[in-house]
There are 2 protein chains.
Amino acid sequence: MKLSNGVEWALHSCVTLSQSREPVPAARLAELHGTPPAYLAKQLQALSRAGIVRSTAGQVGGYSLTRPAAEISALEVVRAIDGTEPAYRCTEIRQRGPLALPAERCERPCAIARAMAAAEEAWARALGEVTVADLAERIDADSGGTAMAAVGRWLTTTR
Amino acid sequence: MKLSNGVEWALHSCVTLSQSREPVPAARLAELHGTPPAYLAKQLQALSRAGIVRSTAGQVGGYSLTRPAAEISALEVVRAIDGTEPAYRCTEIRQRGPLALPAERCERPCAIARAMAAAEEAWARALGEVTVADLAERIDADSGGTAMAAVGRWLTTTR
DNA sequence: TAGAACTCGGACAGAAAATATCCGAGATCA
DNA sequence: TGATCTCGGATATTTTCTGTCCGAGTTCTA
Ligand code: SF4
Ligand code: SF4
């Protein structure tokens, strides 16, 4: 089980965007995070498709959040980058081999698939209860209340 | 986030092995599940390395569980196949870029990594509470109490 | 006791996915 | 009107996963 690496950058980008009301270009976010600029742009495009960020073209364009950070859950961001399909995909191997069950008795997923789905649901629930605003607040608290202000300052000053 | 496909085969194999006290060769399990024999063998080797199954060489050899099925959790099987490293791996990008934090302030993982770890812990807990014996019992109940007996019969008769 | 047959085990290619990158379409401002 | 800056999807490269193969070791048989 491996989670795409771009998820981390997307979460950081959302936290950063919550500190600026004006659009921020992808290149600026890449410089701040020290990531490949073109690849980060790809992740932001995925966020745009999911309706989490809005893109503005032109000279003063860039990306900005479409909703208040308190209304964006971490689960939404992860799903936007990594996809919505579940990690455990049933191949229905119980319908193959010498003891294959008839398709009529395979209407509901079997016990193994149910247990896996329940575990993923617990994971999704834990992630859905955390918002981007929560993350920004906690990161700020960890740094003694200076980190988020510094980010906002850097975004506006270094044009 | 994608879970290795062999996890499904490994879980099925463990459930099947719980129905037979004598060792079962990998080729037999592959025939029963309709999977590539050589690749299933690879997964069983991983289970062997993790101490979940024991391998017996020779003419009547094969794989058998090392413990009662009630003492093997689904989490152990998943970890044996998919690895133990967490799905979300922190790259510590807060230590890069123009606003890099000094390493001394990065002793504990940041809020984003903590939230991700908590979600994965919820997933692991849900999976750790299910044993292979539970899975076998539920599959048997779904089929009206005939499936596990049929598997045990097939394993012994078709030699 | 020697032989044969069957088993597992790790080393070897092929395919799929993720990573990283590029240049064109479109919009904004001077 | 023109130039400049932005996003967007189409394009290579690398890594991971999937699938396969043959040799080492063990057990049973004659
Ligand atoms: S539904 Fe259950 S029995 Fe069927 S393939 Fe999936 S895990 Fe196996
Ligand atoms: S998620 Fe947190 S710990 Fe990981 S790189 Fe970002 S700031 Fe650092």
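As a basis for the values below, the full set of heavy atoms in this structure was taken, side chains included, without hydrogen atoms, waters or symmetry mates.
Here C:dG10 presents its C1' atom at 8 Å from NZ of B:Lys42, a figure rounded to the nearest Å. Taking atom CZ of A:Arg28 as the reference point, atom P of D:dC7 lies 11 Å away to the nearest angstrom. One atom, CD1 of A:Ile81, and another, P of C:dA18, lie 12 Å apart when rounded to the nearest Å. Note: CG (A:Asn5) to P (C:dA17) measures 19 Å, nearest angstrom. Residue B:Glu85 contributes atom CD, which lies 9 Å from atom P of D:dT16 at whole-angstrom precision. Taking atom CD on B:Gln43 and atom P on C:dC8, their separation rounds to 14 Å, with Å as the unit. One interatomic measurement links the two molecules: NZ of B:Lys2 to P of C:dT19, which rounds to 12 Å at whole-angstrom precision. Note: CH2 (A:Trp9) to P (C:dA20) measures 5 Å, nearest angstrom.
Counting any heavy atom pair closer than 4.0 Å across all strands shown, A:Gly62 reaches sugar-phosphate atoms only and no base atom. The residue B:Arg54 sits apart from the nucleic acid: no heavy atom pair falls under 4.0 Å. Using a 4.0 Å heavy-atom distance criterion, B:Ala26 is classed as a sugar-phosphate-only contact.
Note on B:Tyr39: every side-chain N or O is 4.0 Å or more away from OP1 and OP2 of C:dG10. Taking 4.0 angstrom as the limit, B:Arg49 places a side-chain polar atom (N or O) nearer than this to OP1 or OP2 of C:dG10. Side-chain nitrogen and oxygen atoms of B:Thr56 include none within less than 4.0 Å of the OP1 or OP2 phosphate oxygen of D:dT27. Put simply, A:Gln45 has a side-chain N or O that comes within less than 4.0 Å of OP1 or OP2 on D:dG9. For C:dG9, the OP1/OP2 oxygens have a side-chain nitrogen or oxygen of B:Ser48 closer than 4.0 Å.
Closest approach to the B:Gln59 side chain among C:dT7, C:dT19, D:dT27 is made by D:dT27 (side chain taken as heavy atoms from C-beta onward).
With values rounded to the nearest 0.5 angstrom, A:Leu29 atom CG is found 8.0 Å from A:Thr35 atom OG1.
Counting only residues at least two apart or in different chains, salt bridge (charged side-chain N to carboxylate O under 4.0 Å, His left out) contacts with residues 34-50 of chain B are absent.
Comparing A:Ala57 and A:Ala38, the nucleotide of DNA chain C nearest to each residue sits closer to the 5' end for A:Ala38. Comparing A:Ala27 and B:Gly6 against DNA chain D, the residue whose closest nucleotide sits nearer the 5' end is A:Ala27.
Under the 3.5 Å distance criterion, the side-chain polar atoms of A:Arg89 are matched with a main-chain donor or acceptor of B:Leu3. Using modelled atom types, one side-chain atom of B:Ser13 and one backbone atom of B:Trp9 make a donor-acceptor pair closer than 3.5 Å.
Between B:Glu129 and B:Arg125 there is no salt bridge, since no side-chain N of the basic residue sits under 4.0 Å from a carboxylate O of the acidic one.
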